[in-house]
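Some notes on the structure that comes next.
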Amino acid sequence: MKVINLHKDENELIALAVENNRHAQHQIYYKFAPKMLSVCRQYIKDMHQAEDIMITAFMKVFTNLKNFESKGSFEGWIRRIMINECISFIRVQKKVKFIEDETFFEERHNNIESKFSVEDIQFLIDNLPDGYRMIFNLYAIEGFKHQEIATMLSISEGTSKSQLSHARKMLQDNIIKLKNYHNGTE
């Protein structure tokens with residue numbers, strides 16, 4: 001069995017792309033575009049807008065590729081650019097308002113057995129208010145801490161916690177409604 005050093009290949013690909021090698025940029029784009037479209041779609045409901053944002057973010061990736069320091073994963077670096085581009089888009093659209101609510105509920109994790117499809121789950125997340133959805137995605141999906149989210153969005157840490165708490169409560173309520181709908185009891 002032959003072992004292929006993918007990390008070395010990725011570094012070579014990055015080096016070529018920094019030199020504006022279109023083939024290398026093309027390879028990077030096609031390697032990461034599906035995952036990054038999924039990331040953008042988590043923040044942006046409309047698939048066409050999510051794709052436009054992803055393409056804009058990839059332009060920033062290639063423009064700033066020389067700044068990538070190989071300290072961590074390349075995919076993670078790209079993902080961060082995608083998230084920042086989504087947040088910028090939402091801010092420009094003025095679609096998100098954070099309620100400065102410092103109270104939040106104690107987190108309880110209900111293990112609801114679900115047979116929901118990915119589409120059902122995405123539908124539930126999509127129907128959260130923009131602020132709740134953004135905080136939920138950053139915390140629960142991307143793994144950012146409340147302090148990081150507060151810094152990224154220029155809000156207080158308490159507001160981040162509150163928004164997450166409200167998002168979870170809304171998701172739990174909507175999961176019950178969806179479960180009842182699937183069971184024919186609603």
Side-chain angles (χ1 to χ4, degrees), residues 32 34-57 60 72-73 75-186:
F32 294 106
K35 286 182 185 177
M36 295 307 129
L37 181 57
S38 178
V39 168
C40 292
R41 179 59 189 81
Q42 286 296 318
Y43 295 88
I44 309 299
K45 289 181 187 180
D46 182 83
M47 181 61 91
H48 296 293
Q49 283 183 329
E51 190 172 10
D52 287 346
I53 291 164
M54 179 197 69
I55 290 168
T56 301
K60 289 185 178 183
S73 81
E75 181 177 332
W77 183 77
I78 294 174
R79 185 181 199 95
R80 185 74 177 233
I81 292 171
M82 295 294 155
I83 292 167
N84 287 337
E85 193 62 28
C86 290
I87 291 170
S88 294
F89 174 81
I90 292 168
R91 278 188 177 146
V92 167
Q93 299 297 310
K94 295 184 184 358
K95 285 186 172 186
V96 64
K97 291 185 180 176
F98 296 105
I99 300 165
E100 291 293 329
D101 179 5
E102 296 291 327
T103 61
F104 56 96
F105 307 102
E106 190 67 31
E107 292 183 18
R108 292 179 311 152
H109 298 284
N110 292 341
N111 291 331
I112 298 174
E113 282 189 39
S114 79
K115 295 179 182 172
F116 298 131
S117 67
V118 172
E119 290 79 16
D120 286 339
I121 294 167
Q122 187 63 59
F123 175 78
L124 291 171
I125 293 171
D126 281 348
N127 284 301
L128 290 172
D130 292 326
Y132 291 3
R133 186 176 67 251
M134 188 181 307
I135 301 287
F136 179 82
N137 284 331
L138 289 169
Y139 184 86
I141 296 173
E142 302 298 338
F144 288 104
K145 294 182 180 0
H146 287 293
Q147 184 178 3
E148 295 171 302
I149 295 169
T151 301
M152 288 170 76
L153 301 177
S154 302
I155 59 175
S156 73
E157 193 172 333
T159 297
S160 177
K161 290 177 181 179
S162 171
Q163 296 285 296
L164 177 64
S165 176
H166 291 304
R168 283 186 170 157
K169 174 74 173 107
M170 186 177 279
L171 282 172
Q172 287 173 348
D173 293 346
N174 289 336
I175 285 170
I176 291 167
K177 288 177 187 173
L178 188 59
K179 190 175 184 180
N180 290 339
Y181 174 79
H182 282 304
N183 292 335
T185 59
E186 187 170 286

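Computation of the quantities below employed the complete heavy-atom set of this structure, encompassing side-chain atoms and omitting hydrogens, waters and symmetry-equivalent molecules. Bear in mind that the values here come from a model prediction, so they are computed numbers and not experimental data.
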*Quick one: pull up CE in Met134 and CD1 in Ile44 and give me the separation to the nearest 0.5 Å.*
7.5 Å

_Rounded at 0.5 Å granularity, tell me how far NE2 in His166 sits from NZ in Lys169._
11.0 Å

*By side chain to side chain donor-acceptor pair (under 3.5 Å), which residues pair with Asp126, not counting sequence neighbours?*
Arg41, Gln122

*asked:* According to ring pair (Phe, Tyr, Trp, His ring centres under 6.0 Å), who are the partners of Phe32, at least two apart in sequence or on a separate chain?
replied: Phe74

*Under 3.5 Å, is there a donor-acceptor pair between the side chain of Thr151 and the main chain of Gln147?*
yes

*asked:* One thing to verify: whether Asp173 and Lys177 come together as a salt bridge, which I'm taking to mean a side-chain N less than 4.0 angstrom from a carboxylate O.
replied: no

_Test item: Leu164 and Ile149 side chains (from C-beta on) under 4.5 Å apart, heavy atoms_ = no

*Got Met36 and Glu75 here, is their nearest side-chain heavy-atom distance under 4.5 Å?*
yes

*Taking the side chain as every heavy atom from C-beta outward, state whether Gln163 and Pro129 have any pair of such atoms under 4.5 Å apart.*
no

*Would Cys40 and Met47 count as a side chain to side chain contact (heavy atoms under 4.5 Å, CB included) if you check the C-alpha gap in whole Å, the side-chain angles of each, and the deciding distance to 0.1 Å?*
CA-CA 9 Å; Cys40 292; Met47 181 61 91; over 6 Å; no

*Answer whether the closest heavy-atom distance between the side chains of Asn127 and Met170 falls below 4.5 Å.*
no

*Mind checking whether Glu85 and Tyr43 have side chains closer than 4.5 Å, heavy atoms only?*
no

*Mind checking the CZ-CG spacing from Phe89 to Asn84? Nearest 0.5 Å is all I need.*
15.0 Å

*Is there side-chain contact between Thr159 and Ser156, with heavy atoms separated by less than 4.5 Å?*
yes

*Given side chain to side chain contact (heavy atoms under 4.5 Å, CB included), test Glu148 with Tyr139 step by step and report yes or no.*
CA-CA 9 Å; Glu148 295 171 302; Tyr139 184 86; over 6 Å; no

*Apply side chain to side chain contact (heavy atoms under 4.5 Å, CB included) to Leu138 and Leu153, showing your working.*
CA-CA 10 Å; Leu138 289 169; Leu153 301 177; 4.0 Å; yes

*From CA spacing to verdict: side chain to side chain contact (heavy atoms under 4.5 Å, CB included), Arg79, Lys35*: CA-CA 9 Å; Arg79 185 181 199 95; Lys35 286 182 185 177; 5.5 Å; no

_SB check Glu157 Lys145 (cutoff 4.0 Å)_ = no

*Examine distances only and state if a side-chain atom of Arg133 and a backbone atom of Ile125 form a donor-acceptor pair shorter than 3.5 Å.*
no

*Can you tell me how far the CD1 atom of Ile87 sits from the CE atom of Met152, to the nearest 0.5 Å?*
3.5 Å

*State the CE-OG distance between Met82 and Ser38, to the nearest 0.5 angstrom.*
12.0 Å

*In Å and rounded to the nearest 0.5 Å, what is the CG to CD1 distance from Leu37 to Ile53?*
10.5 Å

*Report yes if the side chains of Ile83 and Phe144 come closer than 4.5 Å at any heavy-atom pair, otherwise no.*
yes

*Flag the pair Phe123 / Asn174 as yes when at least one side-chain heavy-atom distance between them is below 4.5 Å, and no otherwise.*
no

*Answer yes if the side chains of Ser165 and Ser162 hold a donor-acceptor pair under 3.5 Å, and no otherwise.*
no

